[in-house]
Engineer: 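Below you will find the structure I want to go over with you.
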Amino acid sequence: MAEKKENKFLRNSRDEEGGYFGLGRMIDFSDGVTRIALMLTALSAIAGTLFKVMQGDSSDNATYFGLNVAMQFFFVWLLAQELDPDRKLGGIIGGGISIVMAITLGIGNVLTLLWLVFILRLISQTSGCRHKIGDNAILIIVSYFLGKDGLWLYPTLTGVAYVMESQLKGGYFRSLYIGGLAFAVTATANITNEPVVISSIYLYLMAVTFILFLPAISMAAVTKFKGEKNGVRINPRRLQAAQGLFLVFNFLLAWFHGDQVALDMAPAWAAAMGVGAYLLSMAVQKAIFDKKEKE
């Protein structure tokens, strides 16, 4: 019997040679922490909706707020896995912090979190595969629309990320071309002359994020995480580069675009805080355990 021909438009994206997406990562429903995160995502939507209803908001506004809280929680969990791929509980802690931020500060543009997830995967390659045409399209299109909203730094930083990716070990030389395209998109961005204002609360949050997240950068040097598609240990230097870009990009965006983008980036800071808080708790537990052993 003749072998059935493969439909080239339905190639498995997990195949290194085929597919149009390389930065996608699977959600492991058999993992206990993952199931908890998904359950908390659903519960956060309900909690956010009820919170707004109790405040007297209409059902439409309350539901919209609840859905945004849930999406924010989910993306924070995804971001935490990119910042510390060896441990997942930090994402749940960060998700809890993001809910507090949503209640006290408000909800930002969740699209910026999608952009940041793909930027981190582009550099660290936790998916076990380089970026492909579909990933590039997502990043360029998202950067274009954010630039059209007056956020010109997004396409600029996208170009910087591609150029940096090409120079890292295992980098893809065509990243330079995509970086050039991203810089060209910057030329189409709407640049406003309105004064940039950043509130002190965001400066404090950035300082706390930086302090808590520093141990994660040193821990990345001994990462044992393997790329999902190739099963090969990811390059520690690439992971540290992604973490460094995360801090620099977040702070630059908040500094140059002010409160508007600082609110959008606040959930990303929550993810970094969650990662740092979990590592700190592990260090404290180890110190207590070592002390008891000596006694």
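Positions are given from 1, in the same order as the sequence printed here.
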Engineer: Cluster question for you: counting only ILVMFWY and a side-chain heavy-atom cut-off of under 4.5 Å, with indirect links fine, are Leu38 and Leu78 together?
Structural biologist: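 Both belong to a single hydrophobic cluster.
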Engineer: From Leu253 CG over to Gln260 CD, what is the distance, rounded to the nearest 0.5 angstrom?
Structural biologist: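 Rounded to the nearest 0.5 Å, the CG-CD separation comes out at 11.0 Å.
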Engineer: Where do Leu247 and Ile217 land on the side-chain contact (heavy atoms from CB on, under 4.5 Å) test, with the steps shown first?
Structural biologist: CA-CA 11 Å; Leu247 290 176; Ile217 299 179; 4.0 Å; yes
Engineer: Verify the neighbour count for atom OH of Tyr64: are there more than 12 heavy atoms of other residues, nucleotides or ligands below 6.0 Å?
Structural biologist: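 For Tyr64, atom OH is not crowded (no more than 12 foreign heavy atoms under 6.0 Å).
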Engineer: Measuring from Met71:CE to Ile107:CD1, what's the distance to the nearest 0.5 Å?
Structural biologist: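 That separation rounds to 8.5 Å.
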Engineer: Could you measure the distance from the CG atom of Leu151 to the CH2 atom of Trp115? Nearest 0.5 Å is fine.
Structural biologist: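 If I round to the nearest 0.5 Å, the distance is 10.5 Å.
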Engineer: Can you classify the ring geometry of Phe74 versus Trp77 as parallel (below 30°), tilted (30 to 60°) or perpendicular (above 60°)?
Structural biologist: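 Taking Trp77 first and then Phe74, their aromatic rings sit tilted (interplane angle of 30° to 60°).
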Engineer: Could you please spell out the steps behind the side-chain contact (heavy atoms from CB on, under 4.5 Å) verdict for Asp264 and His257?
Structural biologist: CA-CA 11 Å; Asp264 298 340; His257 291 302; over 6 Å; no
Engineer: Starting from the C-alpha separation in whole Å, work towards a yes-or-no answer on salt bridge (charged side-chain N to carboxylate O under 4.0 Å, His left out) for Glu165 and Arg130.
Structural biologist: CA-CA 10 Å; Glu165 195 281 330; Arg130 65 169 175 80; over 6 Å; no
Engineer: Return the orientation label for the Phe51 and Phe65 ring planes: parallel under 30°, perpendicular over 60°, tilted otherwise.
Structural biologist: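 The rings of Phe51 and Phe65 sit tilted, inter-plane angle from 30° to 60°.
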Engineer: Could you tell me whether Leu50 atom CG has more than 12 heavy atoms of other residues or ligands within 6.0 Å of it?
Structural biologist: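 More than 12 heavy atoms, drawn from other residues, nucleotides or ligands, come within 6.0 Å of this atom.
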Engineer: State, to 0.1 Å, how close Val53 and Ala62 come at their nearest heavy-atom pair, and which atoms those are.
Structural biologist: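 Closest pair (atom of Val53, atom of Ala62, distance): CG2-CB, 3.6 Å.
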Engineer: Are any non-hydrogen side-chain atoms of Gln81 and Arg25 less than 4.5 angstrom apart?
Structural biologist: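 Heavy-atom side-chain distance check passes, below 4.5 Å.
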Engineer: Testing the 3.5 Å rule here: is there a donor-acceptor pair between the side chains of Asp28 and Thr34?
Structural biologist: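 The answer is no; no qualifying pair exists.
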Engineer: Does one hydrophobic cluster hold both Val197 and Met265, with members joined at side-chain heavy-atom distances below 4.5 Å?
Structural biologist: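 Cluster IDs for Val197 and Met265 differ.
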Engineer: State, to 0.1 Å, how close Gly22 and Lys229 come at their nearest heavy-atom pair, and which atoms those are.
Structural biologist: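 Shortest heavy-atom contact: O-NZ, 3.1 Å.
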Engineer: So, do Tyr144 and Tyr154 have ring centers that fall under 6.0 Å from each other?
Structural biologist: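 Centroid separation for Tyr144 and Tyr154: 6.0 Å or greater.
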Engineer: Measuring only between side-chain heavy atoms, which start at C-beta, is Asn235 closer than 4.5 Å to Gln125?
Structural biologist: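 Answer no - side chains too far apart.
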Engineer: Let me confirm one number: the CE-CH2 distance from Met101 to Trp269, rounded to the nearest 0.5 Å.
Structural biologist: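 Output value for this atom pair is 7.5 Å.
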Engineer: Measuring from atom NZ of Lys148 to atom OG1 of Thr188, what distance do you get when rounded to the nearest 0.5 angstrom?
Structural biologist: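 One gets 5.0 Å once the value is rounded to the nearest 0.5 Å.
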Engineer: Not counting sequence neighbours, list each pair that qualifies as a side-chain hydrogen bond (donor to acceptor under 3.5 Å, both in side chains) and has a residue in residues 271-280.
Structural biologist: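 Matches after skipping sequence neighbours: none remain.
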Engineer: Run the side-chain contact (heavy atoms from CB on, under 4.5 Å) check on Leu40 and Ile36 step by step: do they pass?
Structural biologist: CA-CA 6 Å; Leu40 291 177; Ile36 292 174; 3.9 Å; yes
Engineer: Does a side-chain heavy-atom distance below 4.5 Å link Arg121 with Val117?
Structural biologist: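 Arg121 vs Val117: side chains touch.
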Engineer: In terms of hydrophobic clustering (I, L, V, M, F, W, Y; side-chain heavy atoms under 4.5 Å; direct or indirect links), are Phe183 and Phe145 co-clustered?
Structural biologist: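 Yes, one cluster joins them.
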Engineer: May I ask you to test the Thr126-Glu228 pair for a side-chain heavy-atom distance under 4.5 Å?
Structural biologist: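 No, every pair of side-chain atoms sits at 4.5 Å or beyond.
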Engineer: Filter on side-chain hydrogen bond (donor to acceptor under 3.5 Å, both in side chains), then keep only pairs touching residues 99-113, sequence neighbours left out; what's left?
Structural biologist: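 Sorted pair list comes back empty.
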Engineer: Counting only N and O atoms by type, is there a donor-acceptor contact under 3.5 Å from the side chain of Asp86 to the main-chain atoms of Lys224?
Structural biologist: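 Answer holds: yes.
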Engineer: So which heavy atom on Phe246 is nearest to which on Ala268, and how close?
Structural biologist: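 Minimum heavy-atom separation between Phe246 and Ala268: CZ-O, 3.3 Å.
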Engineer: What is the minimum heavy-atom distance between Gly170 and Arg238, and which atoms define it?
Structural biologist: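 Closest approach of Gly170 to Arg238, heavy atoms only: C-NH1, 3.7 Å.
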Engineer: With side chains defined as the heavy atoms from C-beta onward, is the minimum distance between Tyr162 and Asn136 less than 4.5 Å?
Structural biologist: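 SC-SC contact between Tyr162 and Asn136 confirmed.
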Engineer: Starting from the C-alpha separation in whole Å, work towards a yes-or-no answer on side-chain contact (heavy atoms from CB on, under 4.5 Å) for Leu279 and Met219.
Structural biologist: CA-CA 9 Å; Leu279 288 175; Met219 288 294 293; 4.3 Å; yes
Engineer: Would you say the side chains of Thr49 and Thr63 form a donor-acceptor pair under 3.5 Å?
Structural biologist: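 No - no donor-acceptor pair under 3.5 Å links their side chains.
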Engineer: Has the side chain of Asp135 got a donor or acceptor atom that lies under 3.5 Å from a matching backbone atom of Lys132?
Structural biologist: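 Indeed, once roles are kept as given, a pair shorter than 3.5 Å links the two residues.
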Engineer: Indicate if Val275 and Val76 have the same hydrophobic cluster label, given that clusters are the connected sets of ILVMFWY residues with side-chain heavy-atom separations under 4.5 angstrom.
Structural biologist: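 No: no chain of side-chain contacts under 4.5 Å links Val275 to Val76.
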Engineer: Could you tell me which non-hydrogen atom of Pro155 sits nearest to which non-hydrogen atom of Val185, and how far apart they are?
Structural biologist: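 Closest approach of Pro155 to Val185: CB-CG1, 3.9 Å.
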Engineer: Can you hop from Phe210 to Val248 via hydrophobic side chains spaced under 4.5 Å?
Structural biologist: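 Hydrophobic grouping puts Phe210 with Val248.
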Engineer: What residues join Phe225 in its hydrophobic cluster, counting side-chain heavy atom gaps under 4.5 Å, either direct or through other members?
Structural biologist: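 Same cluster as Phe225: Ile234, Leu239.
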Engineer: Taking C-beta and beyond as the side chain, do His131 and Phe21 meet within less than 4.5 Å on heavy atoms?
Structural biologist: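 Side-chain contact under 4.5 Å: no.
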Engineer: In the structure I gave you, are the side-chain heavy atoms of Phe73 and Ser44 within less than 4.5 Å of one another anywhere?
Structural biologist: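 Heavy-atom side-chain distance check passes, below 4.5 Å.
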Engineer: Specify the closest pair of heavy atoms between Arg233 and Val222, including all atoms of both residues, with the distance to one decimal.
Structural biologist: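 Minimum heavy-atom contact is NH2-C, 4.1 Å.
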Engineer: Could you tell me whether the side chain of Tyr202 reaches within less than 4.5 Å of the side chain of Leu105, counting heavy atoms only?
Structural biologist: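 The answer is yes; the side chains approach within 4.5 Å.
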Engineer: Quick check: does any side chain N or O of Thr156 sit under 3.5 Å from a backbone N or O of Trp152, one acting as donor and the other as acceptor?
Structural biologist: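 Pair found, side chain donor or acceptor close to backbone of Trp152.
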Engineer: Measuring from Ile123:CD1 to Met164:CE, what's the distance to the nearest 0.5 Å?
Structural biologist: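 Between Ile123 CD1 and Met164 CE, I get 6.0 Å after rounding to 0.5 Å.
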Engineer: Could you check Asp84 against Arg87 for salt bridge (charged side-chain N to carboxylate O under 4.0 Å, His left out), going step by step and ending with a plain yes or no?
Structural biologist: CA-CA 6 Å; Asp84 185 15; Arg87 288 158 287 270; 2.9 Å; yes
